[in-house]
Amino acid sequence: YEGTTRDRLAGSFDFFGTAIELIDTGGIFPSEKDPFAKEIEAQARQALAEADGIILVVDGQVGALDSDLRLGRQILRMQRPTVLAINKCDGAQAKVEKHSFYGLGIEQILGISALHGNQVAELFELLIDEITKSQVKLPKLKEDTEKSRPTVALLGLPNVGKSTLMNELASEERCAVSEIAGTTRDAVDV
């Protein structure tokens, strides 16, 4: 059922020598019927506040929704490096029509398949490049023992594939996923 993901799910992974802290969020703008709607949105906003970069995940099979447009505008106001990941671009959907997402105002757009891992490495290369280019605007990255570790927030509406993307990055099934929106329930360390 939609809105089951309620908390920020954080973990880190090594991306070709770069340590990245990744925060998966519940679907933002959950159904108003959800008794935890305010809490889910508060957790997602906290993840955004902590993030050095943002990956906005949208569903390529349904196209740009008004909620996606509203969320895109909010993210742009934060002035953080952002990449738009048009997910579920597999099979017949592999050639996504990016033009329907241009209204979000996010310049860096990439069609991906979190389920099959298509374009996921390119997604993070693009985001790391954006974070690197904007270091002047960002607060100092958190210090690791040997190198800095950027924090990246995965954000999007319910059931767009954020947890599937988290699983792909972990190279294992760390988050439960299904066709039911909001399947992820518990904190997951990756």
Side-chain angles (χ1 to χ4, degrees), residues 8-25 28 44 47-61 64 68 71-72 75-76 78-91 93-157 160-175 177 188-190:
R8 297 182 316 274
L9 310 177
S12 59
F13 70 99
D14 180 85
F15 181 72
F16 299 105
T18 301
I20 295 178
E21 181 76 20
L22 188 65
I23 305 170
D24 183 13
T25 66
I28 199 155
L48 285 172
E50 296 171 8
D52 299 312
I54 300 166
I55 296 174
L56 175 56
V57 184
V58 295
D59 189 332
Q61 294 180 349
D68 292 322
L71 183 54
I75 290 172
L76 287 174
M78 296 186 74
Q79 297 183 330
R80 292 274 199 324
T82 302
V83 175
L84 179 64
I86 304 172
N87 193 25
K88 302 182 183 180
C89 294
D90 10 63
Q93 296 290 338
K95 293 192 179 225
V96 67
E97 294 186 30
K98 293 180 183 179
H99 70 274
S100 69
F101 293 95
Y102 288 152
L104 276 73
I106 298 169
E107 292 181 20
Q108 302 298 337
I109 301 174
L110 193 62
I112 69 163
S113 171
L115 184 62
H116 297 106
N118 299 341
Q119 296 290 95
V120 172
E122 292 82 355
L123 174 69
F124 276 88
E125 287 175 357
L126 192 56
L127 184 61
I128 289 169
D129 185 49
E130 290 296 303
I131 290 172
T132 302
K133 286 192 293 190
S134 68
Q135 284 303 303
V136 176
K137 299 176 188 174
L138 291 175
K140 185 177 178 190
L141 294 176
K142 295 144 195 79
E143 291 298 322
D144 228 317
T145 52
E146 295 182 26
K147 54 190 160 204
S148 61
R149 177 183 300 208
T151 301
V152 175
L154 292 177
L155 191 71
L157 301 177
V160 296
K162 297 175 303 295
S163 295
T164 302
L165 181 56
M166 185 88 143
N167 284 344
E168 175 61 28
L169 295 168
S171 298
E172 63 180 293
E173 298 297 315
R174 296 303 300 262
C175 300
V177 295
V188 179
D189 292 328
V190 179

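Residues Val58 and Leu104 share a closest heavy-atom pair of CG1-CD2, 4.4 Å. Between Pro81 and Ser134, the closest heavy-atom pair is CG-OG, 3.0 Å. Closest heavy-atom contact between Asp52 and Arg80: O-CD, 4.0 Å. Here the closest heavy-atom approach between residue Ser12 and residue Glu21 is recorded as CB-OE1, 3.6 Å.
In this structure, Thr82 and Leu76 have side chains that are not in contact, with every pair of non-hydrogen atoms separated by 4.5 Å or more. Put simply, the side chain of Val57 reaches to within 4.5 Å of the side chain of Val160, judged on heavy atoms. Looking only at side-chain heavy atoms (C-beta outward), Leu157 and Asp59 stay at 4.5 Å or farther from each other. Residues Leu155 and Leu71 are in side-chain contact: their nearest non-hydrogen atoms beyond the backbone lie under 4.5 Å apart. Residues Phe124 and Leu22 have side chains in contact (heavy-atom distance under 4.5 Å, counting atoms from C-beta outward). Proximity of Gln61 to Asp90: side-chain heavy atoms (C-beta onward) are separated by under 4.5 Å at one or more points. The shortest side-chain heavy-atom distance between Tyr102 and Ile109 falls under the 4.5 Å cut-off. Between Asp129 and Lys133, the closest side-chain pair of non-hydrogen atoms falls below 4.5 Å.
Between the CG atom in Asn87 and the NZ atom in Lys162 there is a gap of 10.0 Å [rounded to 0.5 Å]. Distance CG/Leu84 to CZ/Phe101: 7.0 Å, rounded to 0.5 Å. In this structure, OG1 in Thr25 is found 9.0 Å from CD1 in Ile23, a value given to the nearest 0.5 Å. Of the inter-residue distances, the one linking Leu123 atom CG with Ile128 atom CD1 reads 9.5 Å to the nearest 0.5 angstrom.
Residues meeting the side-chain contact (heavy atoms from CB on, under 4.5 Å) test with Gln119, sequence neighbours left out: Leu110, Ile112, Glu122. Listed by chain and residue number, Ser113, His116 satisfy the side-chain contact (heavy atoms from CB on, under 4.5 Å) test with Asn118 (two or more places apart in sequence, or in another chain). Residues meeting the side-chain contact (heavy atoms from CB on, under 4.5 Å) test with Leu126, sequence neighbours left out: Val83, Gln108.
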